[in-house]
Amino acid sequence: MARRAVDPNQSFPALEQEVLQRWRDRDVFAESMRMREGRPEFVFYEGPPTANGKPGSHHVLARVFKDIFPRYKTMRGYHVARKGGWDTHGLPVEIQVEKALGLKSKTDIEAYGIEAFNQQCRESVFTYLEDWNALTERIGFWVDLDDAYRTLDPGYVESVWWALKQIWNKGLIYEGHKVVPYCPRCGTALASHEVAQGYKDVVDTSVYVKLAVAGDHGPLVAGDELVIWTTLPWTVLPNALVAVNPELTYARVRVEGQPAPLVVAEALVERVLGDAGRVEILGTFPGSALEGAAYAPAFPYIATADYGAGAHTVRGAAFVSAEDGTGLVGTAIAFGEDDYALGVGAGLAVINPVLPDGTFDERMGPYAGMDVRAADGRVVEELDAAGRLLRATPYEHSFPHCWRCSTPLVYYAKPSWYIETSRVREQLKASNEAIAWHPPHIKHGRMGDWLENNVDWALSRERYWGTPLPVWRCEDGHTHCIGSLEELEELSGVALEDPHRPYVDDVGFPCPQCAQRMQRVPEVIDVWFDSGAMPFAQHHAPFEAEERFKRMFPADFVCEALDQTRGWFYSLIAVGTLLFDRAPMEHVVCLGLILDENGEKMSKSKGNIVEPWGVIDRFGADAFRWYFFTSKQPWDGYRFSEEAVGEGVRLFLKQLWNTYAFLQTYEPSQDAGACEQSELDRWILSRLSGTVAEVTERLDDYDATFSGRAIAAFVDDLSNWYVRRNRRRFWTGDPHAFETLRTCLLTVSQLLAPFTPFVADELWEGLEGGGASVHLSDWPEAGERDEALLADMAIARDTVRMGLSARGASKIKLRQPLGEAVVVAAGAERAAIERFSEVIREELNVKALRFVAGAEELGSYALKANYRALGPRFGKAMPQVAAAIEALDAQHVAVVLRDGGTVGVNVEGREHELTGADVTLQMQPLDGYQVEREGAHAVALDLAIDDGLREEMLAREVVRAVQGARKDAGFDVSDRIALELGGDAALLGAARAHEGFIAGEVLAVSVAWDNARGSEVRIEGLELRISVTRV
RNA sequence: GGGCGAUUAGCUCAGUUGGUUAGAGCGCCUCUCUGAUAAGGAGGAGGUCCCAGGUUCGAAUCCUGGAUCGCCCA
């Protein structure tokens, strides 16, 4: 096999560019799908991003996790079609265009023209398409972007219409008047999952308002004042009712300085009135005693009669608590879910004096035209002036804001279209139950909780750029849902090329029931419904490719950030359940947030965004991927720093690369003759098999973290043990060593292919793994594993570690050979150490290993109870058992147990038999020996150094000095040299005594001893002159 | 206010069904090795396993309460 020049300092980013080019030239991605045609499908759904912003590091995170499992499954023999997708509709897009065009409201948009506006939206969603495509390719995310689905395509919209009609036909779509979170700036209602994204901690003014009781009622006397509390002062303007909890106890209280007695919940008297002055409780009574009491509204704008009989009275309501406030809640019917239910329950009219732009209408007198939030201050002033204000205090709480434009939301009763998901709650829960979540706690935690409390899906948006709600209505109020473009054409005679607004708005047809003209309702739908429909809409099913859709349903795997729990994950489950009675995916991997290195959320305003290109240019895509896969479990989120990526390069990728470079440096061009496979060869191959098995098992469980770490552990063993221990065999061209190393590296390149596809493929190519790419190879099978060999090597390496530790403590450097290491070991341990005695001797640089069966020669044993073994057996008596064991004659017991015998202990008058597994033996070192111990296993060193050992050390020092000289001279590692030495006579004497050894080590074909020139070095204070000549 | 998750060395993270001396990597210090590797090896410094109770012979691990952080929701 030909040697291939490998630069140990290869730049990975540069290498990746070459690999990318090779993939393009050989069409590897397409081939990886072609070659699996007809094989079982592994189905991946791409959660579509919107390309109206530059992709960031969090997109890299999502995209590499979307990549790793499809690559793995392809190698496992599955056909993995990877259709890309783009989300193109929705408020985020509109907001961006509004900003670019300087539009400030819906009125502005309509003045600008819906057609032109939507055209801008259409273009805007692909503004950064090139950036997305470039980054996607560069990070090695294999996805088919040429055939990507786009939610704006007429076919896609048509599939969404079809889905809506199915749901419509089940009677699950209705128009309701509900209190919805409403953004006055965007002029639209928000779905609960959108509201969820916009909570912010803000300080509002909370007010305590006194409302005078109009007439005697039960315990109340006319003129008494009900104290209500609200964090939204403007809601006092349209106040219609006061709610109390009939179960709570209320108090009528005289407060110093107050003109009339006040009424608050008894439990809150101290908190509300504590610092108001002296307080005297005049009487207490249940909330039910207050029900029906009439009071005078604080503002006159909406008359009691307008709300109807029963307005401006006290009503009982279970939602009132004594947790905060006063226990009396002011209720403005249109502005809260509880308020609405209470008002409607009381038979009052729903009066909403707030316009869609968030300002009061003409009914509110001087407040007309004023933004509701801006009215707060004036309301407080007027209440105060009228003597109705008890107190106004700042109040910090978490309040929902519009997730795109940050405007505080208003809760607001308005007509809106809904999907009645609450009616299929049980099916939704069953669908969720069938999903394997990673991490698992999402199922019954976040998602389960969400579904448990599921409310109807607010489907409609009073906006422009989205899938139009396909509901037409006539003047008599009949409605008709259109399920396809063809149906629309049949009814209207219009063949729409573009189903978006405004074109679709112009299409009308006679009502099938009354023949009056039907017009489409003005709304578009929630963009999340688009993405939830992607399982079929991406194929334009059921209008075409029905077969393909069925083959690709459900997905085996989807992956997005955790915030999609109530976003795409929910819309997938909901749409899937409504149409097919199941979730459209089986495994979901959730990804956490990426924080900066200080643990702060990345944001443009803080300027702590990590640009993906910077990381890629500096370290490469493999490094970026490796960091995301292996640094931690992805759902816990990342505390990102470039240095952490660099560490992965240094400790893993470079280590791997240098092992590969080492092979290419030394691999002989021809066979060096027959040699034997060694124990080390069999050991590393067993390690390899174990690693293949583990990585396979972990990846099958969608666990990139621990599979990646298993590969890293193997590569470390390969580099730092197998290769290091076998260097001599590599220098001499032992074919088994090369064969073994090649096998390991090729298999590693396969295991690594899903993780770091670039470097993996380069190794495969360089080692001639076969075919056009590692990505076209079949996933390796785990081979035979010699467990005994693995265990023996572990013991041998422990022994080395202990020996090195003893050497470190002895302060005798490793180049100084020592006579013997005394090893305490018996049975299987001793056999293992003998098996690898040569390795151990070399590592420790000792002439011989001597075994002693017991510790007697090196120290004494101490005996301890093995709690894990004895605990379950003795329970409460453990302390006595432990004491009894420690009181035994340890040396004697050690001998008995070593021979497989048992010993008896007496605990609380009863005899118990103990075996070797019930106790642990620990060495206690004797003075004068350098002993390292671990359990019953120990290594001691004989520190005596005679002249021979010292000479040998000097010879090794000479070797090292000559190697240094070779390196300084810039020779290649295989260059042969003529060596001349001179200097101190004693030193030269030692060197002469080991001439053969020295010559062999430094590849000298000749050695001369009377050198007067050359570089001078000092060894143990003695002078040595060296000159080296390449021959 | 509720739900979910997190909290272990200066930093990033492991820690099996509870088992008695809590680990790794990075960084720092000392030493060492080097015929691939800004690599490797040995040692050192560095810990109230967030706090407080409880269960248990035994708790980083299980339970309860609390704190802090994050996410989600009222």
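All values below come from the heavy atoms of this structure, side chains included, with hydrogens, waters and symmetry mates left out. Letters A, B, ... mirror the listed sequences (proteins, then strands); counts begin at 1.
- For the pair A:K632 and B:C13, the criterion of a side-chain N or O lying under 4.0 Å from OP1 or OP2 is met.
- For the pair A:R709 and A:F706, the cation sits on the ring face: its NZ or CZ lies under 6.0 Å from the ring centre, inside 45° of the axis.
- Whole-Å rounding puts the A:R725 CZ to B:G35 P distance at 14 Å.
- Between A:F652 and A:W626, the ring planes lie parallel to each other; the angle is under 30°, not in the 30° to 60° tilted range.
- Protein atom CG of A:L591 is 17 Å distant from nucleotide atom P of B:C71, rounded to whole Å.
- Following rounding to the nearest Å, A:E452 (CD) and B:G3 (P) show an atom-to-atom distance of 14 Å.
- Using a 4.5 Å heavy-atom threshold, the side chains of A:R1030 and A:R966 count as separate.
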Scan nucleotides 63-68 of chain B against the protein and return all N/O pairs shorter than 3.5 Å with their distances rounded to 0.1 Å.
none

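- Remark: A:D717 engages A:R687, A:R797 in a side-chain hydrogen bond (donor to acceptor under 3.5 Å, both in side chains) (not counting sequence neighbours).
- Here A:P879 lies in heavy-atom contact (under 4.0 Å) with sugar-phosphate atoms only.
- The shortest distance between the side-chain N/O atoms of A:R446 and the OP1/OP2 oxygens of B:C4 is not below 4.0 Å.
- A:P872 comes within contact range of at least one nucleobase, with a heavy-atom separation under 4.0 Å.
- A:K876 comes within contact range of at least one nucleobase, with a heavy-atom separation under 4.0 Å.
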Taking only N/O atoms, report every protein-nucleotides 39-42 of chain B pair under 3.5 Å with atom names and distance.
| unit_1 | atom_1 | unit_2 | atom_2 | d |
| --- | --- | --- | --- | --- |
| B:A39 | OP1 | A:R650 | NH1 | 3.1 |

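- Applying the salt bridge (charged side-chain N to carboxylate O under 4.0 Å, His left out) test to A:E843 and every residue at least two apart in sequence or in another chain returns A:R724, A:R725.
- Put simply, A:R639 has no side-chain N or O that comes within less than 4.0 Å of OP1 or OP2 on B:C11.
- A:L593 comes within contact range of the sugar-phosphate backbone alone, with a heavy-atom separation under 4.0 Å but no base atom that close.
- When both pairing distances are held under 3.5 Å, B:C4 makes a Watson-Crick or G-U pair with B:G70.
- Between B:C13 and B:U8, the two P atoms lie 10 Å apart (nearest whole Å).
- A donor-acceptor pair under 3.5 Å is formed between the side chain of A:S641 and the backbone N or O of A:A644.
- For the pair A:N658 and A:E647, both in contact range of RNA chain B, the more 5′-proximal nearest nucleotide belongs to A:E647.
- Residue contacts for A:E1001: at a heavy-atom cut-off of 4.0 Å it reaches a base atom on one of the strands shown.
- Going from atom CG of A:D972 over to atom P of B:A36 covers 12 Å, rounded to whole Å.
- Heavy atoms of A:T659 sit under 4.0 angstrom from at least one base atom.
- Shown here, B:U61 forms no base pair; nothing in the strands shown gives a Watson-Crick or G-U wobble contact with both key distances under 3.5 Å.
- Between the C1' atoms of B:G41 and B:G25, the separation comes to 15 Å (whole Å).
- With the nearest nucleotide of RNA chain B identified for both A:G964 and A:G875, A:G964 has the one nearer the 5' end.
- Note: CG (A:D563) to C1' (B:G5) measures 15 Å, nearest angstrom.
- Partners of A:S631 according to the side-chain contact (heavy atoms from CB on, under 4.5 Å) rule, which considers only residues two or more places apart in sequence or in another chain, are A:Y627, A:Y638.
- B:G27 makes up no base pair with any nucleotide shown, lacking Watson-Crick or G-U wobble contacts both under 3.5 Å.
- Using a 4.0 Å heavy-atom distance criterion, A:V1002 is classed as making no nucleic acid contact.
- Partner assigned to B:U37 is none, using Watson-Crick or G-U wobble distances below 3.5 angstrom.
- Using modelled atom types, no side-chain atom of A:E952 and backbone atom of A:H994 make a donor-acceptor pair closer than 3.5 Å.
- Between A:D918 atom CG and B:G19 atom P there is a gap of 18 Å when expressed in whole angstrom units.
- At the heavy-atom level, A:R815 lies under 4.0 Å from the strands shown only through sugar-phosphate atoms.
- In summary, the aromatic rings of A:F738 and A:F730 are positioned with their centroids under 6.0 Å apart.
- A side-chain donor-acceptor contact under 3.5 Å links A:T732 to the backbone of A:R728.
- With rounding to whole Å, A:L741 atom CG is found 14 Å from B:A36 atom P.
- Remark: the separation of the C1' atoms in B:G40 and B:C26 is 16 Å, to the nearest Å.
- Note: CH2 (A:W450) to C1' (B:A74) measures 12 Å, nearest angstrom.
- Distances shown here put every side-chain N or O of A:K967 at or beyond 4.0 Å from the OP1 or OP2 atom of B:U34.
- You cannot call A:Y666 stacked on the base of B:A36; the centres under 5.5 Å and planes under 30° rule is not satisfied.
- Not a single donor-acceptor pair under 3.5 Å links the side chain of A:N454 to the backbone N or O of A:R425.
- Every residue was checked against the salt bridge (charged side-chain N to carboxylate O under 4.0 Å, His left out) condition with A:E694, not counting sequence neighbours, and none meets it.
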